[in-house]
Amino acid sequence: MSSATLSPPPRTLEIRGLGKSFGGIHAVKDISFDVKTGEIVGLIGPNGAGKTTCFNLITGFYSPSTGQVRLGGEDVTGKKPFEMARMGIVRSFQKTNILKSLTVFENVLTGHYLEARQPLWRTFFPGRTVREAEHSVRESATRIVHTMGLGHRIDTPASALSCGELRLLEVALALAAKPEILMLDEPAAGLNSQEARTFGEILKTLRGTLVRSILIVEHNMSLVMGVSDRIVVMHFGQKLAEGAPADIQGNKQVIDAYLGGGNQA
Ligand code: ATP
């Protein structure tokens with residue numbers, strides 16, 4: 001797929017003053033940042049910094065206590081996850097969406113449900129349009145599997161995949177929903193350094209081809225620093241710093257937060 005086939009016009013994801021409290025705990029407090037078209041943005045921070053909560057707020061799994069999420073200037077705060085997905089913001093899930101008894105190809109095929117919605121009667125009386133849709137879905141699934149470097153495993157049951165291959169399949173499933181902005185929550189968890197490097201190379205090829213932008217939460221520092229254009233650092237629910245990877249790596253406040261937080265990074 002070329003970038004020209006990505007349908008809606010470029011849109012910036014704007015996070016403005018986002019906050020979420022659980023009882024007395026401010027899991028996320030007054031967070032603001034943008035994900036612009038064509039960017040890969042890394043969201044990092046020590047354990048418990050609020051990254052996953054922030055993800056859940058953006059993707060509609062939580063409703064925010066304060067603040068706004070805007071997409072292309074439109075207020076999308078509080079939309080349901082399936083509405084966000086239809087608007088182009090799709091997140092990956094660790095393992096949970098993978099059907100182990102299905103092959104890699106079949107898994108990615110099932111992930112195309114957003115695109116392939118059709119009335120029930122069409123299933124029983126398929127016309128040319130339905131057959132064309134089915135063809136295009138199979139073509140898209142094949143392209144995604146190959147892009148994710150799983151071409152040699154296309155007919156392999158997911159149960160036989162390695163940890164690294166499962167991570168790639170998780171991203172492939174998210175890509176099947178045709179995201180404009182792909183959101184990845186610790187996609188490299190459990191990968192060794194070689195697998196993480198390969199994963200990073202594949203991620204970079206997605207931008208501008210299968211997706212427009214990527215927001216990634218990741219503890220693997222060499223991966224996230226290697227793929228991101230910009231890094232947002234969270235600490236105790238708040239934004240501690242934002243900047244280019246090289247600036248963030250040399251930022252004393254960030255270094256102190258990680259050393260003080262006992263993080264594994
Ligand atoms: P990690 O890197 O360990 O995954 P994180 O940066 O993703 O951490 P969060 O999981 O967002 O951090 O958690 C931020 C804070 O909010 C933590 O103190 C956590 O205990 C708290 N928290 C998160 N979800 C809930 C919840 N559903 N109920 C109560 N507290 C929560």
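For this chain, numbers begin at 1 and follow the sequence in order. All ligand and atom numbering here is 1-based and tracks the order in the structure.
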Peer 1: For Tyr62, which part has a heavy atom under 4.0 Å from ligand 1: side chain, backbone, both, or neither?
Peer 2: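 For Tyr62, only side-chain atoms sit under 4.0 Å from ligand 1.
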
Peer 1: If you draw the axis of the six-membered ring of Phe61, does the NZ or CZ of Arg91 fall within 45° of it and under 6.0 Å from the ring centre?
Peer 2: yes

Peer 1: Dump the intermediate steps for side-chain contact (heavy atoms from CB on, under 4.5 Å) on Phe236 and Lys29, then the final yes or no.
Peer 2: CA-CA 8 Å; Phe236 292 125; Lys29 197 174 174 194; over 6 Å; no

Peer 1: Decide yes or no for Val69 and Lys79: does some side-chain heavy atom of the first lie under 4.5 Å from some side-chain heavy atom of the second?
Peer 2: no

Peer 1: Does any N/O atom on Gly45 come nearer than 3.5 Å to any N/O atom on ligand 1?
Peer 2: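 No, no N or O pair falls under 3.5 Å.
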
Peer 1: To check you understand the geometry: which heavy-atom pair defines the closest contact between Lys20 and Tyr62, and what is its length?
Peer 2: CE-CB, 4.3 Å

Peer 1: Indicate yes or no: does an N/O atom of Cys54 lie under 3.5 Å from an N/O atom of ligand 1?
Peer 2: no

Peer 1: Please work out which of Gly48, Gly24, Ala49, Gly23 has its closest non-hydrogen atom nearest to atom 8 (O) of ligand 1.
Peer 2: Gly48

Peer 1: Output the list of atoms in ligand 1 that are nearer than 4.0 Å to some heavy atom of Thr53, sorted by atom number.
Peer 2: 9 (P), 11 (O), 13 (O), 23 (C)

Peer 1: Identify whether the distance between the nearest side-chain nitrogen and carboxylate oxygen of Glu201 and Lys204 falls below 4.0 Å.
Peer 2: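 The answer is yes: the pair qualifies as a salt bridge.
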
Peer 1: Does only the side chain of His219 get under 4.0 Å from ligand 1, or the backbone, or both, or neither? Count heavy atoms.
Peer 2: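 The answer is the side chain.
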
Peer 1: Need the ligand 1 atom indices (1-based, order shown) with element for anything under 4.0 Å from a heavy-atom of Ala27.
Peer 2: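 Atoms satisfying the 4.0 Å criterion: 15 (C), 16 (O).
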
Peer 1: Mind checking whether Val41 and Ile231 have side chains closer than 4.5 Å, heavy atoms only?
Peer 2: no

Peer 1: Which atoms of ligand 1 have any heavy atom of Glu186 under 4.0 Å away?
Peer 2: 4 (O)

